[in-house]
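Just below is one structure, and these are the notes that go with it.
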Amino acid sequence: MPELPEVETIRRSLLPLLTGKKIEAVEVYLEKAVKPSPGKLRDGLPGREIVEIERRGKYLTLQLDDGQRVTFHLRMAGRLVFMPVSAPLEKHTTLSITFTDGNSLRFVDPRKFGTVVYHAPSEPPVGLRKLGPEPLTTPKAEVLARWQTAAARRKGPVKGLLLDQEVLAGLGNIYADETLFLAGVRPERPANAISAREWEKIYESMITVLNDSIGHRGTSQRDYVDGLGEKGYHQVYLQVYGRKREPCRKCGTELVYTRVAGRGTHYCPHCQQ
DNA sequence: GTCTCCCTGTTC
DNA sequence: GAACAGGGAGAC
(Lines give C-alpha, C1' and ligand atoms only; values in the text may rest on other atoms or scores of the structure.)
Protein backbone atom coordinates (compact mmCIF):
# COMPACT_ATOMS: atom_id res chain seq x y z
CA MET A 1 0.00 0.00 0.00
CA PRO A 2 1.70 3.13 -1.18
CA GLU A 3 2.19 5.75 1.51
CA LEU A 4 4.49 8.77 1.39
CA PRO A 5 7.81 6.87 0.96
CA GLU A 6 6.39 4.64 -1.78
CA VAL A 7 4.78 7.49 -3.71
CA GLU A 8 7.99 9.51 -3.40
CA THR A 9 9.98 6.53 -4.73
CA ILE A 10 7.58 6.20 -7.65
CA ARG A 11 7.96 9.92 -8.33
CA ARG A 12 11.76 9.73 -8.35
CA SER A 13 11.78 6.66 -10.57
CA LEU A 14 9.36 8.14 -13.10
CA LEU A 15 10.83 11.64 -13.23
CA PRO A 16 13.71 10.89 -15.64
CA LEU A 17 11.51 8.59 -17.71
CA LEU A 18 8.57 10.94 -18.19
CA THR A 19 10.07 14.43 -18.27
CA GLY A 20 9.83 15.83 -21.78
CA LYS A 21 7.75 12.92 -23.07
CA LYS A 22 5.00 13.83 -25.50
CA ILE A 23 1.61 12.18 -25.04
CA GLU A 24 0.17 10.42 -28.06
CA ALA A 25 -3.04 8.90 -26.69
CA VAL A 26 -4.96 7.88 -23.59
CA GLU A 27 -6.73 4.55 -23.20
CA VAL A 28 -9.24 4.28 -20.36
CA TYR A 29 -10.30 0.80 -19.20
CA LEU A 30 -12.07 1.64 -15.92
CA GLU A 31 -14.22 4.66 -16.67
CA LYS A 32 -15.47 5.40 -13.16
CA ALA A 33 -11.92 5.82 -11.83
CA VAL A 34 -11.27 8.74 -14.18
CA LYS A 35 -12.50 12.29 -13.51
CA PRO A 36 -14.00 14.51 -14.75
CA SER A 37 -14.54 11.98 -17.57
CA PRO A 38 -12.51 9.67 -19.84
CA GLY A 39 -13.45 11.88 -22.81
CA LYS A 40 -11.88 14.95 -21.22
CA LEU A 41 -8.55 13.10 -20.85
CA ARG A 42 -8.71 11.70 -24.37
CA ASP A 43 -9.35 15.23 -25.70
CA GLY A 44 -6.93 17.16 -23.50
CA LEU A 45 -3.81 15.03 -23.17
CA PRO A 46 -2.64 14.11 -26.69
CA GLY A 47 0.06 16.49 -27.92
CA ARG A 48 0.97 17.66 -24.41
CA GLU A 49 4.40 17.14 -22.81
CA ILE A 50 5.08 16.21 -19.20
CA VAL A 51 7.22 18.91 -17.61
CA GLU A 52 7.29 17.93 -13.93
CA ILE A 53 6.09 15.32 -11.42
CA GLU A 54 5.04 16.46 -7.98
CA ARG A 55 4.08 14.53 -4.84
CA ARG A 56 1.85 15.83 -2.03
CA GLY A 57 1.12 13.32 0.70
CA LYS A 58 0.11 10.18 -1.16
CA TYR A 59 -0.99 12.06 -4.29
CA LEU A 60 1.15 12.11 -7.43
CA THR A 61 0.65 14.84 -10.01
CA LEU A 62 1.92 15.03 -13.60
CA GLN A 63 2.29 18.63 -14.76
CA LEU A 64 1.70 19.22 -18.44
CA ASP A 65 3.19 21.92 -20.67
CA ASP A 66 -0.16 23.71 -20.96
CA GLY A 67 -0.42 24.02 -17.17
CA GLN A 68 -3.02 21.29 -16.74
CA ARG A 69 -2.44 18.45 -14.25
CA VAL A 70 -3.13 14.73 -14.00
CA THR A 71 -3.35 13.67 -10.35
CA PHE A 72 -3.24 10.03 -9.27
CA HIS A 73 -4.14 8.43 -5.95
CA LEU A 74 -3.07 4.78 -5.84
CA ARG A 75 -4.99 3.91 -2.66
CA MET A 76 -4.18 0.39 -1.49
CA ALA A 77 -3.06 -1.61 -4.47
CA GLY A 78 -2.47 0.80 -7.35
CA ARG A 79 0.71 0.61 -9.41
CA LEU A 80 2.02 3.23 -11.79
CA VAL A 81 4.54 1.65 -14.12
CA PHE A 82 6.45 2.77 -17.20
CA MET A 83 6.71 0.19 -20.01
CA PRO A 84 6.77 -0.18 -23.78
CA VAL A 85 3.44 0.19 -25.56
CA SER A 86 4.02 -3.34 -26.86
CA ALA A 87 3.98 -4.86 -23.34
CA PRO A 88 0.85 -6.96 -22.81
CA LEU A 89 -1.98 -5.23 -21.01
CA GLU A 90 -2.11 -6.41 -17.42
CA LYS A 91 -5.35 -7.48 -15.81
CA HIS A 92 -7.00 -4.62 -13.86
CA THR A 93 -5.39 -1.88 -15.90
CA THR A 94 -7.34 1.33 -15.24
CA LEU A 95 -5.62 3.52 -17.78
CA SER A 96 -2.69 3.75 -20.13
CA ILE A 97 -1.04 6.97 -21.31
CA THR A 98 1.00 6.29 -24.42
CA PHE A 99 3.89 8.48 -25.57
CA THR A 100 5.16 9.31 -29.05
CA ASP A 101 8.44 7.42 -28.39
CA GLY A 102 6.72 4.03 -28.09
CA ASN A 103 6.50 3.88 -24.31
CA SER A 104 3.56 4.16 -21.98
CA LEU A 105 2.56 4.83 -18.38
CA ARG A 106 0.15 2.19 -17.06
CA PHE A 107 -2.06 2.58 -14.03
CA VAL A 108 -2.87 -0.93 -12.79
CA ASP A 109 -5.20 -1.24 -9.82
CA PRO A 110 -6.62 -4.65 -8.81
CA ARG A 111 -8.77 -3.20 -6.04
CA LYS A 112 -10.20 -0.50 -8.32
CA PHE A 113 -10.06 2.09 -5.53
CA GLY A 114 -7.48 4.33 -7.17
CA THR A 115 -8.41 7.58 -8.94
CA VAL A 116 -7.12 9.72 -11.80
CA VAL A 117 -8.15 13.37 -12.04
CA TYR A 118 -7.47 15.75 -14.93
CA HIS A 119 -7.65 19.30 -13.63
CA ALA A 120 -6.40 22.87 -13.70
CA PRO A 121 -3.90 23.88 -10.98
CA SER A 122 -6.56 26.10 -9.44
CA GLU A 123 -9.06 23.22 -9.15
CA PRO A 124 -7.31 20.31 -7.45
CA PRO A 125 -9.30 17.26 -6.34
CA VAL A 126 -10.99 17.70 -2.98
CA GLY A 127 -8.61 15.45 -1.03
CA LEU A 128 -5.59 17.35 -2.29
CA ARG A 129 -7.18 20.70 -1.48
CA LYS A 130 -7.76 19.77 2.16
CA LEU A 131 -4.40 18.06 2.62
CA GLY A 132 -2.25 19.00 5.61
CA PRO A 133 1.44 20.00 5.27
CA GLU A 134 4.31 17.75 4.22
CA PRO A 135 6.04 15.92 7.09
CA LEU A 136 9.58 16.09 5.67
CA THR A 137 9.71 19.73 4.58
CA THR A 138 7.57 21.51 7.14
CA PRO A 139 9.51 23.00 10.08
CA LYS A 140 9.42 20.84 13.21
CA ALA A 141 7.84 23.55 15.35
CA GLU A 142 4.98 23.87 12.88
CA VAL A 143 4.29 20.14 12.79
CA LEU A 144 4.34 19.93 16.59
CA ALA A 145 2.02 22.92 16.89
CA ARG A 146 -0.37 21.36 14.39
CA TRP A 147 -0.43 18.02 16.18
CA GLN A 148 -0.93 19.55 19.58
CA THR A 149 -3.69 21.87 18.40
CA ALA A 150 -5.49 18.96 16.75
CA ALA A 151 -4.91 16.73 19.80
CA ALA A 152 -6.39 19.26 22.19
CA ARG A 153 -9.83 18.92 20.67
CA ARG A 154 -10.03 15.20 20.20
CA LYS A 155 -9.98 12.35 22.63
CA GLY A 156 -9.65 9.63 19.98
CA PRO A 157 -6.45 7.55 19.74
CA VAL A 158 -3.15 9.16 18.80
CA LYS A 159 -2.85 6.78 15.86
CA GLY A 160 -6.04 8.21 14.35
CA LEU A 161 -4.54 11.67 14.51
CA LEU A 162 -1.37 10.52 12.73
CA LEU A 163 -3.50 8.98 9.98
CA ASP A 164 -5.56 12.15 9.49
CA GLN A 165 -4.35 13.55 6.16
CA GLU A 166 -5.82 16.98 6.92
CA VAL A 167 -3.58 17.32 9.97
CA LEU A 168 -0.41 16.08 8.28
CA ALA A 169 -0.08 14.45 4.86
CA GLY A 170 1.38 11.09 3.96
CA LEU A 171 1.30 8.66 6.88
CA GLY A 172 -0.69 5.47 6.37
CA ASN A 173 -1.12 2.36 8.45
CA ILE A 174 2.43 1.02 8.09
CA TYR A 175 4.28 4.21 9.02
CA ALA A 176 1.86 5.19 11.80
CA ASP A 177 2.54 1.84 13.52
CA GLU A 178 6.29 2.05 12.90
CA THR A 179 6.48 5.66 14.11
CA LEU A 180 4.64 4.91 17.34
CA PHE A 181 6.83 1.88 18.02
CA LEU A 182 10.01 3.91 17.62
CA ALA A 183 8.52 6.64 19.82
CA GLY A 184 7.53 4.12 22.51
CA VAL A 185 3.92 5.31 22.48
CA ARG A 186 0.86 3.03 22.42
CA PRO A 187 -1.37 3.64 19.40
CA GLU A 188 -4.59 3.60 21.43
CA ARG A 189 -3.50 6.35 23.85
CA PRO A 190 -5.92 9.30 23.67
CA ALA A 191 -4.38 12.06 21.56
CA ASN A 192 -5.08 14.65 24.23
CA ALA A 193 -3.09 12.65 26.81
CA ILE A 194 0.20 12.76 24.87
CA SER A 195 2.78 15.04 26.51
CA ALA A 196 4.85 17.68 24.71
CA ARG A 197 7.92 15.52 25.27
CA GLU A 198 6.15 12.56 23.67
CA TRP A 199 4.99 14.59 20.67
CA GLU A 200 8.59 15.55 20.09
CA LYS A 201 9.63 11.89 20.25
CA ILE A 202 6.85 10.98 17.83
CA TYR A 203 8.07 13.70 15.46
CA GLU A 204 11.69 12.52 15.53
CA SER A 205 10.56 8.92 15.07
CA MET A 206 8.34 9.80 12.11
CA ILE A 207 11.17 11.63 10.34
CA THR A 208 13.52 8.69 10.90
CA VAL A 209 10.99 6.12 9.72
CA LEU A 210 10.03 8.05 6.58
CA ASN A 211 13.62 8.84 5.59
CA ASP A 212 14.76 5.27 6.24
CA SER A 213 11.96 3.91 4.11
CA ILE A 214 12.66 6.31 1.24
CA GLY A 215 16.31 5.23 1.50
CA HIS A 216 15.13 1.63 1.09
CA ARG A 217 12.90 2.58 -1.85
CA GLY A 218 9.71 1.87 0.07
CA THR A 219 7.99 -1.13 1.62
CA SER A 220 6.94 -3.98 -0.70
CA GLN A 221 4.88 -5.95 1.80
CA ARG A 222 2.30 -6.74 -0.86
CA ASP A 223 1.68 -5.02 -4.17
CA TYR A 224 3.94 -2.01 -4.14
CA VAL A 225 6.53 -1.50 -6.90
CA ASP A 226 8.19 1.67 -8.22
CA GLY A 227 7.78 3.24 -11.66
CA LEU A 228 10.02 0.56 -13.20
CA GLY A 229 8.18 -2.32 -11.55
CA GLU A 230 10.92 -2.87 -8.96
CA LYS A 231 10.23 -3.72 -5.34
CA GLY A 232 11.44 -1.77 -2.35
CA TYR A 233 13.10 -3.47 0.61
CA HIS A 234 12.03 -1.54 3.70
CA GLN A 235 9.77 -4.50 4.66
CA VAL A 236 12.99 -6.13 5.93
CA TYR A 237 13.34 -3.33 8.48
CA LEU A 238 9.76 -3.16 9.77
CA GLN A 239 9.67 -3.41 13.57
CA VAL A 240 5.99 -4.11 14.17
CA TYR A 241 3.84 -3.78 11.04
CA GLY A 242 2.82 -7.17 9.66
CA ARG A 243 4.54 -8.97 12.58
CA LYS A 244 1.42 -10.06 14.44
CA ARG A 245 2.32 -12.33 17.40
CA GLU A 246 6.02 -12.37 16.51
CA PRO A 247 8.59 -11.39 19.15
CA CYS A 248 9.52 -7.71 19.51
CA ARG A 249 12.95 -7.11 17.94
CA LYS A 250 13.95 -4.99 20.95
CA CYS A 251 12.68 -6.94 23.96
CA GLY A 252 11.33 -10.27 22.72
CA THR A 253 7.80 -9.71 24.02
CA GLU A 254 5.07 -11.06 21.74
CA LEU A 255 3.66 -8.23 19.63
CA VAL A 256 -0.01 -7.38 20.00
CA TYR A 257 -2.39 -7.08 17.06
CA THR A 258 -5.59 -5.13 17.63
CA ARG A 259 -7.90 -2.60 16.02
CA VAL A 260 -7.33 1.11 16.58
CA ALA A 261 -9.01 3.95 14.67
CA GLY A 262 -10.63 1.33 12.46
CA ARG A 263 -7.27 -0.10 11.31
CA GLY A 264 -5.34 -3.26 12.05
CA THR A 265 -2.69 -2.13 14.54
CA HIS A 266 0.57 -3.67 15.72
CA TYR A 267 2.49 -2.72 18.86
CA CYS A 268 4.79 -4.01 21.57
CA PRO A 269 3.04 -4.03 24.96
CA HIS A 270 6.40 -3.72 26.73
CA CYS A 271 8.25 -1.10 24.65
CA GLN A 272 5.19 1.08 24.04
CA GLN A 273 3.40 2.66 26.99
C1' DG B 1 -16.91 13.75 14.53
C1' DT B 2 -18.08 8.77 13.18
C1' DC B 3 -19.72 5.18 9.98
C1' DT B 4 -20.11 3.01 5.48
C1' DC B 5 -18.79 1.80 1.28
C1' DC B 6 -15.93 1.00 -2.54
C1' DC B 7 -13.19 -3.80 -4.55
C1' DT B 8 -10.70 -8.33 -5.29
C1' DG B 9 -6.62 -11.10 -4.08
C1' DT B 10 -4.97 -13.39 -0.18
C1' DT B 11 -5.35 -15.64 4.17
C1' DC B 12 -7.62 -18.24 7.51
C1' DG C 1 -16.21 -20.19 1.70
C1' DA C 2 -15.88 -16.42 4.88
C1' DA C 3 -13.03 -12.88 6.76
C1' DC C 4 -9.79 -9.60 6.02
C1' DA C 5 -6.88 -5.86 4.10
C1' DG C 6 -7.39 -0.46 3.94
C1' DG C 7 -7.55 5.50 2.20
C1' DG C 8 -10.66 8.62 1.62
C1' DA C 9 -15.30 10.50 -0.10
C1' DG C 10 -19.64 11.05 1.15
C1' DA C 11 -23.47 10.12 4.09
C1' DC C 12 -25.28 10.30 8.63
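Atoms considered below: every heavy atom in the structure, side chains included; atoms not considered: hydrogens, waters and symmetry mates. Protein chains get the first letters and strands the later ones, always in sequence-line order, with residue 1 at the start of each.
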Apart from A/Leu255 itself, what residues make up its hydrophobic cluster when side-chain heavy atoms of I, L, V, M, F, W and Y under 4.5 Å apart count as a link, directly or indirectly? A/Phe181, A/Val240
DNA chain B: 5'-proximal contact among A/Phe113 and A/Arg154 (nearest heavy atom): A/Arg154
N/O contacts under 3.5 Å, protein versus nucleotides 9-12 of chain B?
unit_1 : atom_1 : unit_2  : atom_2 : d
B/dG9  : OP1    : A/His92 : NE2    : 2.6

Quick one: which of A/Thr94, A/Val34, A/Val81 gives a side chain to side chain contact (heavy atoms under 4.5 Å, CB included) with A/Phe107? A/Thr94
Please tell me if A/Lys112 has a side-chain N or O lying less than 4.0 Å from either OP1 or OP2 of B/dT8. yes
State whether the number of non-hydrogen atoms from other residues, nucleotides or ligands found under 6.0 Å of A/Lys22 atom NZ is greater than 12. no
Tell me whether the rings of A/His234 and A/His216 are parallel (<30°), tilted (30 to 60°) or perpendicular (>60°). parallel
Have a look at A/Phe72 and say if it touches a base, only the backbone sugar-phosphate, or nothing, with a 4.0 Å heavy-atom cut-off. nothing
Outermost nucleotides of DNA chain C that come under 4.0 Å of a non-hydrogen atom of chain A: C/dA5 to C/dA9
How about A/Thr9 and A/Arg11: does a side-chain donor come under 3.5 Å of a side-chain acceptor? no
Measure from the side-chain N and O atoms of A/Thr93 to the backbone N and O of A/Glu90, and report whether any donor-acceptor pair falls under 3.5 Å. yes
In this structure, are over 12 heavy atoms from other groups packed under 6.0 Å from A/Arg197 atom CZ? no
Under 3.5 Å, is there a donor-acceptor pair linking the side chains of A/Gln239 and A/Tyr267? no
Please report the distance, rounded to the nearest Å, between CZ in A/Arg79 and P in B/dT8. 15 Å
